[in-house]
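Working notes, beginning with the structure itself.
Bear in mind the structure is a predicted one, so any value in this text is a computation, not a measurement. Order of the sequence lines fixes the chain letters, A, B, ..., with proteins taken first and strands second; residue numbering starts at 1 for each chain.
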2 protein chains.
Amino acid sequence: MRSRLVDAALTLLQHQGAAALTVRNITTRAGCSTTGIYTYFGGKNGLVDAIFSNGFASFDQALDPFLDEGDLLGAGQAYRRWALAHPMQYMVMFGRAVPDFEPSDAGLERALVSFSKLAAGVRRAGIGGDADHRAHHIFATVHGYVMLEMAGMAPPLSVPIETLYLHALASASEPIRPPGQTVN
Amino acid sequence: MRSRLVDAALTLLQHQGAAALTVRNITTRAGCSTTGIYTYFGGKNGLVDAIFSNGFASFDQALDPFLDEGDLLGAGQAYRRWALAHPMQYMVMFGRAVPDFEPSDAGLERALVSFSKLAAGVRRAGIGGDADHRAHHIFATVHGYVMLEMAGMAPPLSVPIETLYLHALASASEPIRPPGQTVN
DNA sequence: AGGCGGACGTAACATTGTTATGTGAGATAA
DNA sequence: TTATCTCACATAACAATGTTACGTCCGCCT
């Protein structure tokens with residue numbers, strides 16, 4: 001039953017958006033009454049929190065193969081691919097798409113796990129410099145690009161966004177070279 | 001009266017967050033009945049849309065002095081400063097902080113004006129390469145950094161975020177140098 | 001003076017998340 | 001076997017939300 005509720009919420013989220021994610025919609029689709037959400041998740045927040053943690057798990061599953069080998073470019077592409085394939089879930093995780101939802105402490109810890117995996121991947125890539133700083137930079141860049149693309153804020157460009165994304169990714173994950181500091 | 005409603009909504013947003021932005025709260029604070037929002041803005045969406053456009057105007061006002069001189073570093077710092085000074089408004093503009101709010105076509109056009117000003121600044125900076133691509137890259141980077149910082153997702157760092165932000169900003173706005181492609 | 005249109009308030013409406021209350025089935029102990 | 005207890009579940013209600021129908025009154029134009 002617990003999984004039926006999560007599944008119903010996920011399909012509802014993916015097909016009809018966050019606005020359709022109401023307690024009544026979810027429960028009727030799952031085949032139970034509104035109280036089901038409260039007995040199993042303690043409320044709507046709990047269910048969304050499950051989706052939140054779930055998202056990071058699926059996320060890691062997509063990125064781990066690349067990060068385990070220190071392949072930052074591959075990981076970055078997998079990041080974008082996952083986000084574009086699960087836009088609603090991505091917005092729940094990073095964009096506060098569900099009104100009044102705040103991730104629990106457990107959910108936030110789960111998110112930190114994903115970040116530390118990225119930092120470990122950066123360390124494994126042997127790029128030099130502070131791995132945490134680099135991970136932060138890569139994350140910010142990638143997140144910024146994906147967010148803008150998902151928001152439809154891509155300006156008129158003569159080149160597919162994917163190309164720009166790859167350039168930015170390459171710049172952000174290039175090894176340090178002491179004197180010359182150039183980009184692009 | 002129109003401005004009284006906007007002011008009430010803005011102070012409410014800044015002091016109590018987006019959750020307190022209810023029609024009844026706004027109107028009682030502005031000293032009128034709930035219908036006031038409908039006669040002047042056609043609904044809550046209209047009011048939030050006014051805040052949205054308002055935000056981009058204030059935003060431009062902060063960045064224009066720098067962009068007019070092609071000072072990308074100054075503009076980037078002004079960007080972050082404005083965002084940290086108006087976090088709630090920034091989230092309304094870029095983060096879908098208000099439930100069920102979608103910017104109108106006019107609002108989106110207003111946002112595009114801000115972006116084209118950025119592109120013009122990049123062109124004025126004489127950095128080389130495609131100005132639109134560069135503007136997109138700078139915007140994505142800056143937005144990613146600010147978003148992460150506002151979400152409290154800054155990992156434990158040995159250096160103040162501001163320093164990292166400046167490095168990223170410098171990398172993103174450096175002029176092209178043909179052969180060697182390095183970063184940091 | 002006579003309308004007349006628009007700003008405004010009151011009260012209601014549908015929909016949201018949440019909770020109080022009841023019910024019934026399955027397990028447990030005497 | 002029977003009494004009791006616990007837990008999952010439904011029904012119905014609750015407060016709060018955005019929105020709208022309706023009535024009223026003030027100011028302007030002919």
Side-chain angles (χ1 to χ4, degrees), chain A residues 1-54 88-89 91-92 95-104 106-107, chain B residues 1-54 88-89 91-92 95-104 106-107:
Chain A
M1 189 78 236
R2 215 169 178 279
S3 65
R4 276 243 302 270
L5 280 169
V6 173
D7 285 351
L10 272 178
T11 62
L12 215 42
L13 186 66
Q14 202 147 7
H15 288 57
Q16 306 189 37
L21 209 66
T22 74
V23 172
R24 286 165 180 78
N25 267 352
I26 299 168
T27 51
T28 58
R29 175 175 283 264
C32 70
S33 182
T34 61
T35 50
I37 284 186
Y38 294 85
T39 64
Y40 287 110
F41 298 95
K44 190 185 176 185
N45 244 316
L47 209 173
V48 181
D49 204 57
I51 292 179
F52 182 87
S53 298
N54 228 328
M88 293 298 172
Q89 210 161 348
M91 289 307 269
V92 169
R96 315 234 170 252
V98 176
D100 305 331
F101 164 67
E102 296 244 357
S104 69
Chain B
M1 188 78 234
R2 215 168 177 279
S3 64
R4 276 242 302 268
L5 279 169
V6 173
D7 285 352
L10 273 178
T11 61
L12 216 41
L13 185 65
Q14 201 147 6
H15 288 58
Q16 306 190 38
L21 209 67
T22 74
V23 172
R24 286 165 180 79
N25 267 351
I26 298 168
T27 50
T28 59
R29 174 175 283 263
C32 70
S33 183
T34 61
T35 50
I37 285 186
Y38 294 86
T39 64
Y40 287 109
F41 299 94
K44 189 185 176 184
N45 244 318
L47 208 172
V48 180
D49 204 58
I51 292 179
F52 182 88
S53 297
N54 227 328
M88 293 298 172
Q89 209 161 349
M91 290 306 269
V92 169
R96 315 232 170 253
V98 176
D100 305 330
F101 165 66
E102 296 243 356
S104 69

Closest to the Val23(A) side chain: dC8(C), dA8(D), dT18(C)?
-> dT18(C)

Would you say the side chain of Pro103(A) lies within less than 4.5 Å of the side chain of Arg96(A), judging by non-hydrogen atoms?
-> yes

Taking every non-hydrogen atom, the tightest pair across Ala18(B) and Ala97(B) | CB-O, 3.7 Å

Selection: residues 14-22 of chain A, any non-hydrogen atom under 4.0 Å of DNA chain C | Leu21(A), Thr22(A)

Round to the nearest Å and state the distance from Leu5(B) atom CG to dA7(C) atom P.
-> 13 Å

Rounded to whole Å, OH of Tyr40(A) lies from C1' of dA10(D) at a distance of 13 Å

Distance (rounded to the nearest 0.5 Å) between Leu12(A) CG and Gln14(A) CD = 11.0 Å

Here the distance between atom P of dT18(C) and atom NZ of Lys44(A), to the nearest Å, is 8 Å

When the distance from CD1 of Ile37(B) to P of dG18(D) is rounded to whole Å, what number comes out?
-> 8 Å

So how far is it from Arg2(B) CZ to Leu47(B) CG, rounded to the nearest 0.5 Å?
-> 8.5 Å

Shortest non-hydrogen contact between Ala19(B) and Asp100(A), atoms and distance | CB-OD1, 4.3 Å

Nucleotide dA7(C), atom C1' - distance to CZ of Phe41(B) in whole Å = 14 Å

Which pairs of donor and acceptor atoms, one on a side chain in residues 30-44 of chain B, lie under 3.5 Å apart (sequence neighbours left out)?
residue, atom, partner, partner atom, Å
Thr39(B), OG1, Gly36(B), O, 2.9
Lys44(B), NZ, Leu21(B), O, 2.9

To the nearest 0.5 Å, atom CD1 of Ile26(B) lies from atom CG of Leu5(B) at 7.5 Å

Could you go over nucleotides 24-26 of chain C and give all protein N or O partners under 3.5 Å, atom names and distances?
none

Grab the CD1-C1' distance between Ile26(B) and dT19(D) for me, whole Å please.
-> 14 Å

So how far off straight is the helix from dA1(C)-dT30(D) to dA30(C)-dT1(D), going by the axes through five pairs at either end, to 10°?
-> 10°

Got a second to check how far Ser3(B)'s OG is from Leu10(B)'s CG, nearest 0.5 Å?
-> 11.0 Å

Tell me, which pairs form a side chain to side chain donor-acceptor pair (under 3.5 Å) where one or both residues lie in residues 45-54 of chain B, sequence neighbours left out?
-> Asp49(B)-Ser104(B)

Atom-to-atom span, CG of Asn25(A) to C1' of dG17(C) - whole angstrom | 13 Å

Rounded distance in Å - OH (Tyr38(B)) to C1' (dT20(D)) = 8 Å

Between dG17(C), dA10(D), dG9(C), which nucleotide gets closest to the side-chain atoms of Ser33(B)?
-> dG9(C)

Could I get a table of every N or O pair under 3.5 Å where one atom is in the protein and the other is in nucleotides 12-14 of chain D?
none

